[in-house]
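All residue numbers in this chain count up from 1 along the given sequence.
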Amino acid sequence: RSAGIVGAPFSKGQVSAPFTVCVSVPVVTLALFLLQPKGGVETGPDRIRAAGLLHRLKEQGCAVKDYGNLTFEELVDDKPIGLLKNVRAVGGANRRLSEAVQAVKKDGHTSVMLGGDHSLAIGSIHGHSAAVGELSVLWVDAHADINTPLTSNTGNIHGQPMSYLLHELQSKVPVLPHFSWIKPCVWAKDLVYIGLRDVDPGEHYILKLLGVKVFSMSEVDQLGVARVMEETCDYLSAKAKKPIHLSYDIDAIDPSVTPATGTPVAGGLSYREGLYITEHICQTGLLSGVDMVEVNPLRSPTEDDVQSTVNTAMDLLLSCFGRLREG
Ligand SMILES: N[C@](CCCC[B-](O)(O)O)(CCN1CCCCC1)C(=O)O
Ligand SMILES: [Mn+2]
Ligand SMILES: [Mn+2]
Ligand SMILES: [Mn+2]
């Protein structure tokens, strides 16, 4: 196995609501720390590297090439478009990421995109597909991230990436500046979700309309993770065995394990279930690209919580590349 690492320190796919408080300074200071604008997510790539990802991958016999962190140009007048925030910045960053991931794939590696927020899946999946053609997507997340710009109730593009990529939704996506380079590249039948537990009404409508395969946390409880993975792999390989793009949002895991993330939701995957998913996907031999996003060190009050989040993200990636709990 060989991994090509791309860091994408980008956080404009989400903007926390501005808040005004008029209370004593210490409380404001604490509040600012606790409610830190979700900007901390751009420190994710370096925190995961600092945990020892590259060294550990090499230790387990995986070839590794680190392509470094992308730099994104600061746009000055990126005015909102309706509810949509940072549209031009998100479009530009993902265009750059798409080119980077395509290059990593052309070099023969399994791409590893370290986020940054989940809007980056636009560029990661687009670039992956540009290199390998049609692919399957396994989206592990508390959220479906399939709002269109018109169904989103926040305007945050980290809740919308799949809508720009699905062939079947293109009639529902308006023309946006810096987004015209995106060619839809995923079929609804090639998309599977695991871990959903916070799905907006518009997203639920879209998932039902397109007949997307979903294993929400209810199915994880009902079937157990082993059966979920058996059915996921059968479903993905029932037709052609397409290369798999695994897009892992760390908030799929329960916040008791990974609290340092922007949009935590109770009742998530255990550490063990999270690992079972990546071990199983690795064993298919079809894993061709992976995203690890939404690690946000600033969103947790204690360093221990940050470490738990970062180490879990690293462990999930190590098991994508063959690490087994049995040794
Ligand atoms: N669906 C949400 C959350 C998206 C999370 C993005 B991810 O998965 O990358 O972290 C909105 C969630 N919604 C906000 C209002 C209260 C109910 C939940 C959105 O903003 O679209
Ligand atoms: Mn996010
Ligand atoms: Mn997500
Ligand atoms: Mn999420």
Side-chain angles (χ1 to χ4, degrees), residues 1-4 6 8 91 94-113 115 118-141 144-148 160-173 179-196 203 206-215 228-249 277-278 280-293 320-321:
R1 297 180 182 90
S2 102
V6 178
N94 276 292
R95 182 169 198 167
R96 190 159 297 185
L97 177 59
S98 177
E99 289 158 6
V101 169
Q102 188 172 359
V104 171
K105 289 306 302 171
K106 291 219 181 310
D107 285 350
H109 307 289
T110 296
S111 56
V112 179
M113 187 277 282
H118 222 160
S119 66
L120 293 163
I122 298 169
S124 180
I125 293 171
H126 189 274
H128 186 182
S129 181
V132 307
E134 293 207 340
L135 45 71
S136 304
V137 175
L138 177 56
W139 197 281
V140 183
D141 199 328
D145 297 359
I146 198 169
N147 276 302
T148 71
Q160 305 170 30
M162 275 312 305
S163 77
Y164 301 100
L165 298 167
L166 279 172
H167 292 285
E168 292 90 343
L169 285 182
Q170 286 330 293
S171 61
K172 301 281 182 285
V173 174
F179 274 64
S180 54
W181 59 274
I182 303 170
K183 286 188 274 311
C185 52
V186 181
W187 296 104
K189 65 176 171 46
D190 294 326
L191 171 60
V192 178
Y193 283 97
I194 299 177
L196 299 190
E203 294 181 303
I206 288 167
L207 292 172
K208 290 293 179 196
L209 180 75
L210 301 185
V212 174
K213 187 76 174 171
V214 172
F215 294 100
V228 164
M229 288 317 293
E230 195 184 316
E231 292 195 16
T232 295
C233 293
D234 289 350
Y235 180 82
L236 288 180
S237 57
K239 295 133 335 236
K241 286 189 184 301
K242 295 175 181 173
I244 294 174
H245 184 104
L246 172 64
S247 203
Y248 220 115
D249 184 328
I277 291 169
T278 43
H280 207 94
I281 285 297
C282 176
Q283 283 156 15
T284 65
L286 293 172
L287 184 65
S288 174
V290 54
D291 307 326
M292 180 53 70
V293 297
C320 285
F321 289 91

Subject >> Working for side-chain contact (heavy atoms from CB on, under 4.5 Å), residues D141 and Y193 >> reply: CA-CA 7 Å; D141 199 328; Y193 283 97; 5.5 Å; no
Original post:
Quick one: ring-ring contact (aromatic ring centres under 6.0 Å, His included) partners of Y164, sequence neighbours excluded?
Top reply: F179
Original post:
Does the pair L169 and L210 meet the rule for a side-chain contact (heavy atoms from CB on, under 4.5 Å), with working shown?
Top reply: CA-CA 9 Å; L169 285 182; L210 301 185; 3.9 Å; yes
Which heavy atom of [X] sits nearest to which heavy atom of [Y], and what is that distance?
| X | Y | value |
| --- | --- | --- |
| A121 | M113 | N-CE, 4.3 Å |
| A144 | L196 | N-CD2, 3.7 Å |
| L138 | M229 | CD2-CE, 4.4 Å |
| A3 | V112 | CB-CG2, 4.1 Å |
| K106 | A131 | NZ-CA, 4.1 Å |
| I146 | I206 | O-CD1, 3.5 Å |

**OP:** With side-chain contact (heavy atoms from CB on, under 4.5 Å) as the test, would you mind laying out the steps for N94 and L120 before giving the verdict?
**Re:** CA-CA 6 Å; N94 276 292; L120 293 163; 4.2 Å; yes
Exam field: side chain [X] to backbone [Y], donor-acceptor pair closer than 3.5 Å:
| X | Y | value |
| --- | --- | --- |
| H245 | S288 | no |
| E203 | D145 | yes |
| T232 | V228 | yes |
| Y248 | V290 | no |
| W139 | D249 | no |

**OP:** Decide yes or no for D190 and L135: does some side-chain heavy atom of the first lie under 4.5 Å from some side-chain heavy atom of the second?
**Re:** no
Original post:
Heavy-atom distance under 4.5 Å between the side chains of I281 and C320, does that happen here?
Top reply: no
Would you compute the distance between atom [atom1] of [X] and atom [atom2] of [Y] and round it to the nearest 0.5 angstrom?
| X | Y | atom1 | atom2 | value |
| --- | --- | --- | --- | --- |
| I277 | I194 | CD1 | CD1 | 4.5 Å |
| K213 | K189 | NZ | NZ | 15.0 Å |
| E231 | L236 | CD | CG | 11.5 Å |
| M162 | T148 | CE | OG1 | 13.0 Å |
| L287 | S136 | CG | OG | 11.0 Å |
| C233 | H280 | SG | NE2 | 4.0 Å |

Subject >> Polar side chain donor-acceptor pair, H118 to S247, under 3.5 angstrom >> reply: yes
Subject >> No-hydrogen, no-angle side-chain donor-acceptor test under 3.5 Å, K172 and S163 >> reply: no
**OP:** Walk me through it: do L286 and K242 pass the test side-chain contact (heavy atoms from CB on, under 4.5 Å)?
**Re:** CA-CA 7 Å; L286 293 172; K242 295 175 181 173; over 6 Å; no
Original post:
Where does the angle between the aromatic ring planes of W187 and H167 fall among parallel (under 30°), tilted (30 to 60°) and perpendicular (over 60°)?
Top reply: parallel
